[in-house]
Amino acid sequence: MKKYLFVLMAIVLVFCGFKLQSTFDIIIPNGWPKHAYDFSKNQLTEEKILLGRVLFYDPILSKNNTISCASCHSQYTAFTHVDHALSHGIEDRIGNRNAPALMNLAWHTNFMWDGAIHHLDFQSLAPIENHDEMDEKIEQVILKLNQLPRYKNLFLNAYGDSLITGERTLKALSQFMLTLVSANSKYDKVMQQKDTFTQQEQNGYLLFKQHCASCHTEPLFTNLQFENNGLPVDSILNDWGRMRITQKANDSLKFKVPTLRNIEFSFPYMHDGRFKKLSQVLNHYTNGIVHYTNLSPTLKQTIILTSNQKVDITAFLLTLTDKEFLFNKQFNYPKEANHLK
Amino acid sequence: MKLSRYVVLILCISCSFVFAQKNTLVQVNFKGLFNNLPLQLDSNYILPNNDTVSIETCRFYVSKIQLFNNNQVVFTDSTLAYLIDLANPTSLTINLLYPQTLKYNAIQFNLGIDSNINVSEVLSGDLDPTKGMYWAWQSGYINFKIEGKSKNSPSRYKQFQYHLGGYLYPNNALQTLRFKTNKKQKITFILEVDKFLTGLDISKVYQIMSPSENSVLLSKKLAQLFKVK
């Protein structure tokens, strides 16, 4: 009987342990599709989100402790790297792709411009171990974290014991990234009938729906697919996109369709950051398309836009700016963990 | 109050049921051989083509262990995967606990990680990505990793590195191996590492580090080199 009592007590204690965590649910905006991330496998808690956030801002993830995730994914520019066409690693190394903006990741099934990563939990491994980014080994990251009492405390708070593993580290990073939901732009408020478009924005919205929305599908402003958008090949980078992963000729020069949310701040644009301005992007779609055999079907017919119409589309795109997201204090440098030394 | 008593009672009954079922143990061992002798890591060996080689690393995943009786699955091990590392003696033995009354005449396992595990969330234990058996740049587990040196390798430091894996068609490298055995206490699998390198032209193929046709071909070759003792 004593044995069973022990088992019962253990069960009760385990349940209590779970209750001490403050569970957290991301806000799922009305009318949005079902998210892809399985939260039942990584239940969000405030403690784990904080741990993930501390890790996101800590250069300890890089080999020489100089750059953090936030170095190339800055909140004020929609978690991308302002003015950097290509990602910028340790020792001023330069990668071969533009750092993507991070938001609404719970709805994404593939990550990276070529979809090389198939689950958010594994995404952080790629920049940590990439030679031109953080150039570190995840094993080494765990060793470094283990030497810091600050992380012992953060893991203790998050997981109930101070064991630091790769699984826990990656899941905590996922937790923070999952909270980065942007759904409070002017566009969203108009859709909720709390605001109205100007005439120009409305014109732009109609043109957008006609010419752009098949790939940049509402409400995420991406169809989450890989498309060839007719960009000439950069002969220095020679980046063939999705084909490297699938080894299928039909995936040549296909890249993941990026979201347009917060596009005002996420320049430079395209997978290699070749365009600094939205006007250049629009000019590409009207005048610059290279007609590859696997060109995205909607681009096969030439898009004709007057300069006024381009201005209207731009006005609409600026309604996708979400200031509440860009300046949300829950997403910036975690000062609240500073007392943990 | 009454309800909680029932809960306790049910818990007790289910616990006693679990404890009452008698289990027995079969030890599954893995051994690396080179020229019919136990493989010594970092020792020099001569291959039939006069190449001098040494093995620095040999590690692989064994997953979904099942016992069969007359081609029927009678037992499936609950552990998702075991990382077998020839440099780590404790990893070479798997203790399988199965019901005592069970009869079997064959054992099966996957050499590598299947697509179900590959597409799931990040996992712990032997499947933790810190074990060095996960591709960081392209999601997926490495099923089998063998690294060493060869006089014939054109690479820097005369290295060869074969990281075999891939779970997507057409480069699915997973191999399922089944062996007849009626051993009840100890089943030993040997891997003839010398035969893996024999017939490989290391001067040309000295590095495989992504899912590919070669990765599949070499995985199939490997599957032939496991023997049961």
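In what follows, chains are A, B, ... by sequence order, proteins preceding strands, each numbered from 1.
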Review point. Going by an N to O cut-off under 4.0 Å, is there a salt bridge joining D135(A) and K63(A)?
Key: yes
Review point. What about the rings of F39(A) and F24(A), do their centers lie closer together than 6.0 Å?
Key: no
Review point. Is the shortest distance from a Lys or Arg side-chain nitrogen in R242(A) or D114(A) to a carboxylate oxygen in the other one below 4.0 Å?
Key: no
Practice item. Tell me, for Q247(A) versus chain B, whether the close heavy atoms (under 4.5 Å) come from the side chain, the backbone, both or neither. Key: side chain
Practice item. Give me the ring orientation class for F122(A) and H118(A): parallel if the planes are under 30° apart, tilted from 30 to 60°, perpendicular past 60°. Key: perpendicular
Review point. With D85(B), which residues qualify under salt bridge (Lys or Arg N to Asp or Glu O under 4.0 Å), at least two apart?
Key: R59(B)
Review point. Do the ring planes of F144(B) and F60(B) sit parallel (below 30°), tilted (30 to 60°) or perpendicular (above 60°)?
Key: parallel
Review point. Taking T165(A), I142(A), I138(A) one by one, which has the highest count of heavy-atom pairs under 4.5 Å against chain B?
Key: I138(A)
Review point. Quick one: does R168(A)'s side chain have a donor or acceptor within less than 3.5 Å of a partner on L163(A)'s backbone?
Key: yes
Point to revise | Centroid-centroid distance, Y37(A) to H119(A), less than 6.0 Å | key: yes
Point to revise | Interface residues of residues 189-196 of chain B facing chain A - heavy atom cut-off under 4.5 Å | key: none
Review point. Are the charged groups of E139(A) and K137(A) less than 4.0 angstrom apart, N to O?
Key: no
Check your understanding: Does NZ belonging to K64(B) count more than 12 external heavy atoms closer than 6.0 Å?
Key -> no
Check your understanding: Just checking heavy atoms, which of residues 154-173 of chain B are less than 4.5 Å from chain A?
Key -> Y167(B), N171(B)
Point to revise | Salt bridge flag under 4.0 Å for residues K144(A) and E136(A) | key: yes
Check your understanding: Residues of residues 120-134 of chain B under 4.5 Å from chain A (heavy atom pairs)?
Key -> S120(B), E121(B), V122(B), L123(B), S124(B), D128(B), P129(B), T130(B), G132(B), Y134(B)
Review point. So does K171(A) pair up with D121(A), basic N to acidic O under 4.0 Å?
Key: no
Check your understanding: Do the side-chain N and O atoms of N146(A) and K152(A) include a donor-acceptor pair separated by under 3.5 angstrom?
Key -> yes
Check your understanding: Between the side chain of N118(B) and the main-chain N/O of Y141(B), is any donor-acceptor distance below 3.5 Å?
Key -> yes
